Amino acid sequence: MSQKNLILLGPPGAGKGTQAKELSTRLSVPHISTGDMLREAVREGTPLGLKAKAVMERGELVSDELLTEIVRERLAKADCDPGFILDGYPRNLAQAGILAGILEDLGKSDLLALELEVADDVIVTRLGSRRSCPDCGAVYNLVFSPPAKEGVCDKCGAGLVLRKDDKEDVIRERLRVYHEKTAPLSDYYRQRGRLKTVPGDVPPAQVLEKLERAIG
Ligand code: AMP
């Protein structure tokens, strides 16, 4: 694979986290999820977490300013030298511009955006059956990838939960925000010749194969 500075685009529940983890192992580049970073900040009660918590629980976007520095610091770390997989950032056109500036400063402007396409009704069903580990962040799906023991995390033994923002009314709000703010990023990267799109509604192993082919 040649191109390793990657952005995963697609609606919430498209499988970005699952695919990013797998690609991260295969390409030996870090998986950087702003959602995971924010959830960790909320768990730890940091100033960032305190500001982000209520916004996240409503399914809205945290302000661009709150994210800029954490993304800049993370991308500047040495483990990003061989590349990175951004999952959940950028989320709107302003963030795409901010990211372009950060990457230019870091001399990493060579970038590929991979978009996972999944229809809204598939997303609502998927996220409603998603269960997450509040301690280690592992993610399960009750239908497709259930834990070995019902309600218990395979990796750390903690009790699994339905994320507050995976409740149906919040999912609908997240999808609304996605279509209004995040979907325009496809055109942004397409116009710059940096977009590849793959179907996200096939089994995860097939999605991975298509992503690897798109990466080249
Ligand atoms: P995710 O796990 O990517 O679905 O993110 C969960 C929530 O964290 C989102 O619904 C937002 O409230 C917040 N969030 C994550 N990434 C961003 C971002 N790049 N910009 C603004 N808010 C974000």
Side-chain angles (χ1 to χ4, degrees), residues 6-21 23-24 30-75 84-103 111 113-116 118 120 122-124 126-141 160-186 188-189 200:
L6 304 169
I7 298 176
L8 283 182
L9 296 177
K16 298 188 297 294
T18 304
Q19 297 299 331
K21 280 190 192 89
L23 285 173
S24 161
H31 167 205
I32 302 174
S33 155
T34 44
D36 285 351
M37 289 159 98
L38 288 168
R39 278 184 289 279
E40 195 182 325
V42 170
R43 270 200 301 277
E44 290 177 354
T46 67
L48 170 68
L50 294 176
K51 285 185 195 141
K53 186 171 189 279
V55 179
M56 292 172 73
E57 286 177 0
R58 287 197 300 271
E60 293 164 13
L61 293 184
V62 172
S63 77
D64 299 341
E65 295 73 44
L66 280 181
L67 282 158
T68 301
E69 283 320 305
I70 61 166
V71 170
R72 183 190 299 279
E73 276 173 27
R74 184 65 192 87
L75 288 173
F84 53 81
I85 303 168
L86 267 178
D87 158 15
Y89 192 94
R91 216 53 168 236
N92 57 32
L93 288 169
Q95 292 182 7
I98 292 167
L99 177 66
I102 293 174
L103 293 177
L111 179 71
L114 298 161
E115 179 185 40
L116 298 178
V118 184
D120 284 8
V122 177
I123 296 294
V124 174
R126 267 194 199 176
L127 289 185
S129 55
R130 176 156 87 175
R131 294 294 179 274
S132 308
C133 176
D135 285 1
C136 76
V139 179
Y140 302 84
N141 183 289
L160 299 176
V161 296
L162 178 70
R163 259 167 59 178
K164 281 195 179 146
D165 60 349
D166 281 346
K167 300 206 165 97
E168 186 164 344
D169 52 335
V170 185
I171 295 172
R172 300 236 176 243
E173 173 62 9
R174 289 165 70 201
L175 279 170
R176 192 192 64 72
V177 170
Y178 171 77
H179 287 296
E180 183 187 321
K181 307 225 162 105
T182 312
L185 292 177
S186 308
Y188 174 92
Y189 288 111

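Each ligand, and each atom within it, is numbered from 1 in the order the structure gives. Since we're looking at a predicted model, the values are computed, not measured.
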Above 12 or not: heavy atoms from other molecules or residues under 6.0 Å from NZ of K21?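 Yes - once you tally the heavy atoms of other residues, nucleotides and ligands closer than 6.0 Å, there are more than 12.
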
Restricting to salt bridge (charged side-chain N to carboxylate O under 4.0 Å, His left out), what partner residues turn up for R72, sequence neighbours left out?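 Here the qualifying residues are E69, D105.
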
List by chain and number: which residues place a heavy atom under 4.0 Å from ligand 1?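 Protein residues near ligand 1 are T34, G35, L38, R39, M56, E60, L61, V62, L67, G88, Y89, R91, Q95, R163, D165, R174.
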
Pair V170, R58 - check side chain to side chain contact (heavy atoms under 4.5 Å, CB included), show working. CA-CA 6 Å; V170 185; R58 287 197 300 271; 6.0 Å; no

Keeping to residues at least two apart or across chains, list the side chain to side chain donor-acceptor pair (under 3.5 Å) pairs with something in residues 171-181.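 The answer is D120-H179, D166-R174, E168-R172, E173-R176, R176-E180.
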
Donor-acceptor contacts under 3.5 Å from residues 88-97 side chains, at least two apart:
{"from": "R91", "atom 1": "NH1", "to": "G88", "atom 2": "O", "distance (Å)": "3.0"}
{"from": "N92", "atom 1": "OD1", "to": "A94", "atom 2": "N", "distance (Å)": "3.2"}
{"from": "N92", "atom 1": "OD1", "to": "Q95", "atom 2": "N", "distance (Å)": "2.7"}
{"from": "N92", "atom 1": "ND2", "to": "D64", "atom 2": "OD1", "distance (Å)": "3.1"}
{"from": "Q95", "atom 1": "OE1", "to": "R91", "atom 2": "N", "distance (Å)": "2.8"}
{"from": "Q95", "atom 1": "NE2", "to": "D64", "atom 2": "OD1", "distance (Å)": "3.0"}

Donor-acceptor pair, K16 side chain versus G10 backbone, under 3.5 Å?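 Checking the backbone N and O of G10 against the side chain of K16, a donor-acceptor pair under 3.5 Å is found.
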
